[in-house]
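Below you'll find the structure, written out as structure tokens, and then a few comments.
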Amino acid sequence: MPYDPTETAVIVVDMQNGFCHPDGSLYAEPSEAAVEPVTALVDRARDAGASVVYTRDVHPPEQFDETHYYDEFDRWGEHVVEGSWDAELVGDLDVRDGDHVVEKHTYDAFYRTDLEGYLDAHGIDDLLICGTLANVCVLHTAGSAGLRDYRPVVVEDALGYITEEHREYAVDHADWLFGETASRESIAFGEA
């Protein structure tokens, strides 16, 4: 069934310099390779009248100073620090004034952000989720969307990842547990 663009948003997860640019702190070549398919999906969705949301993973320098359990800087090294080039969306994306940008401080784009309020205010139920990393921020955002009664659809050929096994795990897990998966080619939009 075609997606109703008035009820659909493309959620582009963390396509930032730190992950997608060769000079980024956590660069992965498949994340850079995902820029073109993500951009193509966004263009089609935007032309159909769907909403576009970009997330940015941004960490204040002191975010993990008082952490009790999980410190992302210990796990991944310092990355996408607030105000840095690393934290900016990669320049090849066509971010427009009408797009919504969500700053998040952890893997889940719903956690302590305005994403849910934005989606509800715009009557959006279906989420086409793409971006990077497949098994981290994409998967956590999709799972959180499903728990909030949105329809999360992970776009399997518009994902960045570190290893192919990570991508396969994310796609399989999303399809099995809480959502759906789709290829870009299989996504169609109905009349707005």
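All values derive from a computational prediction rather than experimental measurement. The chain is numbered in sequence order, starting from 1.
- Other residues, nucleotides and ligands contribute more than 12 heavy atoms inside 6.0 Å of the CD atom of Glu180.
- Tracing side-chain contacts under 4.5 Å through hydrophobic residues (I, L, V, M, F, W, Y), one reaches Tyr54 starting from Leu128; they form part of the same cluster.
- When side chains are defined from C-beta on, Ile124 does not count as touching Glu7, because their heavy atoms never get closer than 4.5 Å.
- The two atoms that bring Pro5 and Gly190 nearest to each other are CD-O, 3.4 Å, heavy atoms only.
- When side chains are defined from C-beta on, Thr39 counts as touching Leu93, because their heavy atoms get closer than 4.5 Å.
- You'll find the side chain of Pro152 reaches within 4.5 Å of the side chain of Phe178, heavy atoms only.
- Contact record, Val35 with Cys20: CG2-CB, 4.3 Å, taken as the closest heavy-atom pair.
- Cluster membership check: Leu127 does not share its hydrophobic cluster with Val136, using side-chain heavy-atom separations under 4.5 Å among Ile, Leu, Val, Met, Phe, Trp and Tyr.
- Note that CD of Glu185 and CG of Asp157 are 8.5 Å apart. Values are rounded to the nearest 0.5 Å.
- Checked against the 6.0 Å centroid criterion, the rings of His166 and Tyr161 do not qualify as a close aromatic pair.
- Panel note: side chain Gln16, backbone Ala87; a donor-acceptor pair is recorded below 3.5 Å.
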### Query
Going through the distances and angles, do Asn135 and His173 end up as a side chain to side chain donor-acceptor pair (under 3.5 Å)?
CA-CA 9 Å; Asn135 64 319; His173 192 70; over 6 Å; no

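- Judged purely by distance below 3.5 Å, without hydrogens or angles, the side chains of Thr132 and Asp14 never pair a donor atom with an acceptor atom.
- Here the side chains of His122 and Tyr118 are in contact, with some heavy-atom distance below 4.5 Å.
- For the residue pair Thr141 and Asp108, no side-chain donor N or O sits within less than 3.5 Å of a side-chain acceptor on the partner.
- In the hydrophobic clustering of this structure, Tyr27 does not group with Val80; members are Ile, Leu, Val, Met, Phe, Trp, Tyr whose side-chain heavy atoms approach within less than 4.5 Å, directly or through other members.
- Taking the six-membered ring for Trp and thresholds of 30 and 60 degrees, His79 and Phe19 have ring planes inclined between 30 and 60 degrees apart.
- A 6.0 Å sphere centred on CD of Glu29 holds no more than 12 heavy atoms belonging to other residues, nucleotides or ligands.
- Closest heavy-atom contact between Gly160 and Ala34: N-CB, 3.8 Å.
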For residues 42-53, tabulate all N or O donor-acceptor pairs below 3.5 Å that involve a side-chain atom, not counting sequence neighbours.
from: Arg44; atom 1: NH1; to: Arg184; atom 2: O; distance (Å): 3.0
from: Arg44; atom 1: NH2; to: Ile187; atom 2: O; distance (Å): 2.2
from: Arg46; atom 1: NH2; to: Asp94; atom 2: O; distance (Å): 3.1
from: Arg46; atom 1: NH2; to: Asp99; atom 2: OD1; distance (Å): 3.2
from: Arg46; atom 1: NH2; to: Asp99; atom 2: OD2; distance (Å): 2.6

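- Summarising the geometry, atom CG belonging to Asp23 is positioned 9.5 Å from atom CG belonging to Asp86; distances are rounded to the nearest 0.5 Å.
- The shortest side-chain heavy-atom distance between Thr163 and Glu168 does not fall under the 4.5 Å cut-off.
- For Thr8 (side chain) and Asp4 (main-chain N/O), a donor-acceptor pair under 3.5 Å exists by modelled atom type.
- Ion pairing of Glu88 with Arg56 is present here, as a side-chain N (NZ or NE/NH1/NH2) and a carboxylate O approach within less than 4.0 Å.
- Distance CG/Leu159 to CG/Leu133: 10.0 Å, rounded to 0.5 Å.
- Of the charged side-chain nitrogens involved, at least one lies within less than 4.0 Å of a carboxylate oxygen, so that Asp126 and Arg151 count as a salt-bridged pair.
- In this structure, the side chain of Asn17 does not engage the main chain of Gly24 through any donor-acceptor pair within 3.5 Å.
- For the residue pair Ala109 and Val102, the shortest heavy atom distance occurs at O-CG1, 4.0 Å.
- Of all the heavy atoms in Arg167 and Ala134, the pair that sits closest is CA-CB, 4.0 Å.
- Aromatic rings of Tyr150 and Phe110 (six-membered ring for Trp) have centroids within the 6.0 Å cut-off, being under it.
- At a threshold of 4.5 Å between side-chain heavy atoms, the hydrophobic network of Ile, Leu, Val, Met, Phe, Trp and Tyr places Val38 and Leu89 in one connected group.
- Minimum heavy-atom separation, Cys137 to Lys104: SG-NZ, 3.3 Å.
- When hydrophobic clusters are built by joining Ile, Leu, Val, Met, Phe, Trp and Tyr residues whose side-chain heavy atoms come closer than 4.5 Å, directly or via intermediates, Val12 is grouped together with Val155.
- Below 30°, between 30° and 60°, or above 60°: for Trp85 and His21 the angle between ring planes is above 60°, a perpendicular geometry.
- For His105 and Asp57, the side-chain atoms include no donor-acceptor pair closer than 3.5 Å.
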